[in-house]
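Please read these numbers as outputs of a predicted model, since none were measured by experiment. Numbers restart at 1 for each chain; the letters A, B, ... are given by sequence-line order, proteins then strands.
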There are 2 protein chains.
Amino acid sequence: MSNSYIDDEKIINRLYEIHRRTVPKFESCTGISQTRLELLHELYEVEEISQRALQKKVNIDHAAVTRHLKQLEDKEMVIRRKDPKDQRFTYVSLSEEGRLKIIHYREEKERFISGVLHDFSAEERKTLLEMLTRIQHNIEHFE
Amino acid sequence: MSNSYIDDEKIINRLYEIHRRTVPKFESCTGISQTRLELLHELYEVEEISQRALQKKVNIDHAAVTRHLKQLEDKEMVIRRKDPKDQRFTYVSLSEEGRLKIIHYREEKERFISGVLHDFSAEERKTLLEMLTRIQHNIEHFE
DNA sequence: GCTCAATAATTGATACGTCAACTAATATAA
DNA sequence: TTATATTAGTTGACGTATCAATTATTGAGC
């Protein structure tokens, strides 16, 4: 009762620290950043998609999406082209090379995630996901 | 069973998204960043502390600590002085003004956290904290 | 006492996310 | 059809975390 707020604070601080620790670890394990792999994963699921639609899927700022895709284009992992019908749209797709590389990245990601959750039972995972979903909802609708 | 990995992925992605959403929301609600408030909170608990000891407490990179403290010094919230006995150490303490301001920040933080966890029972909070602690441990000891 | 190792703090380079301002292209409405 | 609004994408400024390299100071062994 009396220490309940202290624990609440610990939850929020823990979330923050988990993130800080995950970022470098994820990248050193998989060889790619979490966001960038998420973008590639979405591209993997489709033939071609506009940057706008992709941005809505990953829910990241437009600016960040543009920069990631430009860098991925430089690395020849994705191909970008303008829609001839509506020049405002840029369509993005995976190159063959990109499609191959992703497979390896995703294996490493799977290994990483398995390690992070290795001592969680199926029920625990379910509970955790449900709780995180609620937290996310609460943050989005706060104030 | 067959979709268990998909859910694991959702957990990790959710953690990532929670963080991204929390950062701007926290700052707009409280008027200060989470890390900076954590630093101030540690300073609030003591008379004076070395940057090194402070860094160990908050567990953030040295460089980030230095930069935060310099900015807080510019805003006259903290005072820094070298240890005359050992010039390598810099001791940091809150200014009177800093000490006053923190009270307000912490009230806002409490309001924020209450909002984020408002629909969690005491048991759920306990379970969640325990799970997050395990995840953090797993990340730190992975590989 | 002097050299070399260890430690605290700082600075530089890099990465990446946000918001805001801007450009270019298209749609709408008078 | 022409002025205005909307939309997609880009760029700039900023904040802040990481790692690596550097500086300054102190400690330890000879």
Side-chain angles (χ1 to χ4, degrees), chain A residues 13 15-39 48-75 78 80-92 139-140, chain B residues 13 15-39 48-75 78 80-92 139-140:
Chain A
N13 288 344
L15 280 169
Y16 197 82
E17 194 160 357
I18 285 172
H19 174 265
R20 280 205 347 265
R21 305 234 170 242
T22 301
V23 167
K25 205 100 179 191
F26 186 95
E27 185 147 0
S28 71
C29 289
T30 64
I32 195 168
S33 79
Q34 208 166 341
T35 300
R36 201 164 288 191
L37 185 49
E38 209 178 325
L39 284 167
E48 199 172 45
I49 189 173
S50 74
Q51 289 195 189
R52 174 74 183 132
L54 181 57
Q55 183 269 324
K56 276 183 186 156
K57 274 178 183 287
V58 299
N59 219 348
I60 277 176
D61 193 88
H62 312 88
V65 172
T66 291
R67 286 170 184 132
H68 276 297
L69 290 175
K70 282 191 158 187
Q71 289 176 62
L72 288 168
E73 192 182 32
D74 287 347
K75 293 183 179 175
V78 308
R80 301 197 306 153
R81 69 174 186 91
K82 289 219 166 187
D83 182 347
K85 301 281 183 191
D86 185 339
Q87 301 269 336
R88 287 172 302 182
F89 286 81
T90 298
Y91 280 94
V92 193
I139 289 171
E140 276 168 30
Chain B
N13 288 345
L15 280 169
Y16 196 83
E17 194 160 356
I18 285 173
H19 173 264
R20 280 208 347 266
R21 305 231 170 244
T22 301
V23 167
K25 206 100 178 189
F26 186 96
E27 184 147 359
S28 71
C29 288
T30 65
I32 195 170
S33 80
Q34 208 167 341
T35 301
R36 200 164 288 187
L37 185 49
E38 209 177 324
L39 284 167
E48 200 173 44
I49 189 172
S50 75
Q51 287 195 189
R52 174 74 184 132
L54 181 58
Q55 184 269 324
K56 277 182 186 156
K57 273 178 184 288
V58 298
N59 219 350
I60 277 175
D61 192 87
H62 311 90
V65 172
T66 292
R67 287 172 183 131
H68 276 297
L69 291 175
K70 282 191 159 187
Q71 289 176 64
L72 288 167
E73 192 182 31
D74 286 346
K75 291 185 181 175
V78 309
R80 300 198 305 153
R81 68 176 185 90
K82 290 219 164 188
D83 182 347
K85 302 281 181 190
D86 187 339
Q87 300 270 336
R88 287 173 302 182
F89 285 81
T90 298
Y91 279 94
V92 193
I139 289 171
E140 277 167 31

Length of the CZ-C1' vector between B/R81 and C/dA8, whole Å: 15 Å

Distance, rounded to the nearest Å, where B/Q55 contributes CD and D/dT18 contributes P: 9 Å

Flag, side chain of A/Q51 to backbone of A/Y91, donor-acceptor distance under 3.5 Å: no

Aromatic ring pairing A/Y16/B/H19, orientation class (parallel under 30°, perpendicular over 60°, tilted between): tilted

Distance, rounded to the nearest Å, where B/D83 contributes CG and C/dT7 contributes P: 17 Å

Side chains of A/E17 and B/N59, donor plus acceptor under 3.5 Å: yes

Closest to side chain of B/H68, choosing from C/dA24, C/dA8, D/dA17: D/dA17

Side-chain N,O (B/Y16) to OP1/OP2 (C/dC16) below 4.0 Å: no

Polar atom pairs (N or O), protein with nucleotides 11-13 of chain C, under 3.5 Å:
| unit_1 | atom_1 | unit_2 | atom_2 | d |
| --- | --- | --- | --- | --- |
| C/dT11 | OP2 | B/K70 | NZ | 2.3 |
| C/dG12 | N7 | B/R67 | NH2 | 2.7 |
| C/dG12 | O6 | B/R67 | NH1 | 3.4 |
| C/dG12 | O6 | B/R67 | NH2 | 3.1 |

Presence of A/R52 side-chain N/O under 4.0 Å of D/dA8 phosphate oxygens OP1/OP2: yes

A/Q51 side-chain N/O to D/dT10 phosphate OP1/OP2 under 4.0 Å: yes

Nearest-0.5 Å distance, CZ of residue B/R67 to CG of residue B/L72: 14.5 Å

Along DNA chain C (nearest heavy atom to each residue), the more 5'-positioned of A/I60 and A/R88: A/I60

B/R36 side-chain N/O to D/dT16 phosphate OP1/OP2 under 4.0 Å: yes

Note: A/R88-A/D86 ion pair, threshold 4.0 Å (strictly below): yes

Counterpart residues, side-chain contact (heavy atoms from CB on, under 4.5 Å), relative to B/E73 (two or more places apart): B/V78, B/R80

B/I60 vs B/H68 side-chain heavy atoms within contact, under 4.5 Å: no

Distance in angstrom units between A/L39 CG and C/dC16 P, rounded: 11 Å

Validation row: A/K57, A/I49 side chains within 4.5 angstrom (heavy atoms): yes

Presence of B/R80 side-chain N/O under 4.0 Å of C/dT10 phosphate oxygens OP1/OP2: yes

Spacing between B/D86 atom CG and C/dA6 atom C1', to the nearest angstrom: 12 Å

Integer-rounded Å distance: C/dT23 P and A/K82 NZ: 15 Å

Separation of atom CZ in B/R21 from atom P in C/dC19, rounded to whole Å: 10 Å

Whole angstrom value for the distance that separates C1' of C/dA9 from CD of B/E73: 13 Å

Spacing of A/I32 atom CD1 and A/L39 atom CG [to the nearest 0.5 Å]: 9.0 Å

pair B/H62-B/R52: side-chain heavy atoms closer than 4.5 Å: yes

Neighbours of DNA chain D within residues 25-34 of chain A, by heavy-atom distance under 4.0 Å: none

Phosphate OP1/OP2 of C/dG17: any A/T35 side-chain N/O under 4.0 Å: yes

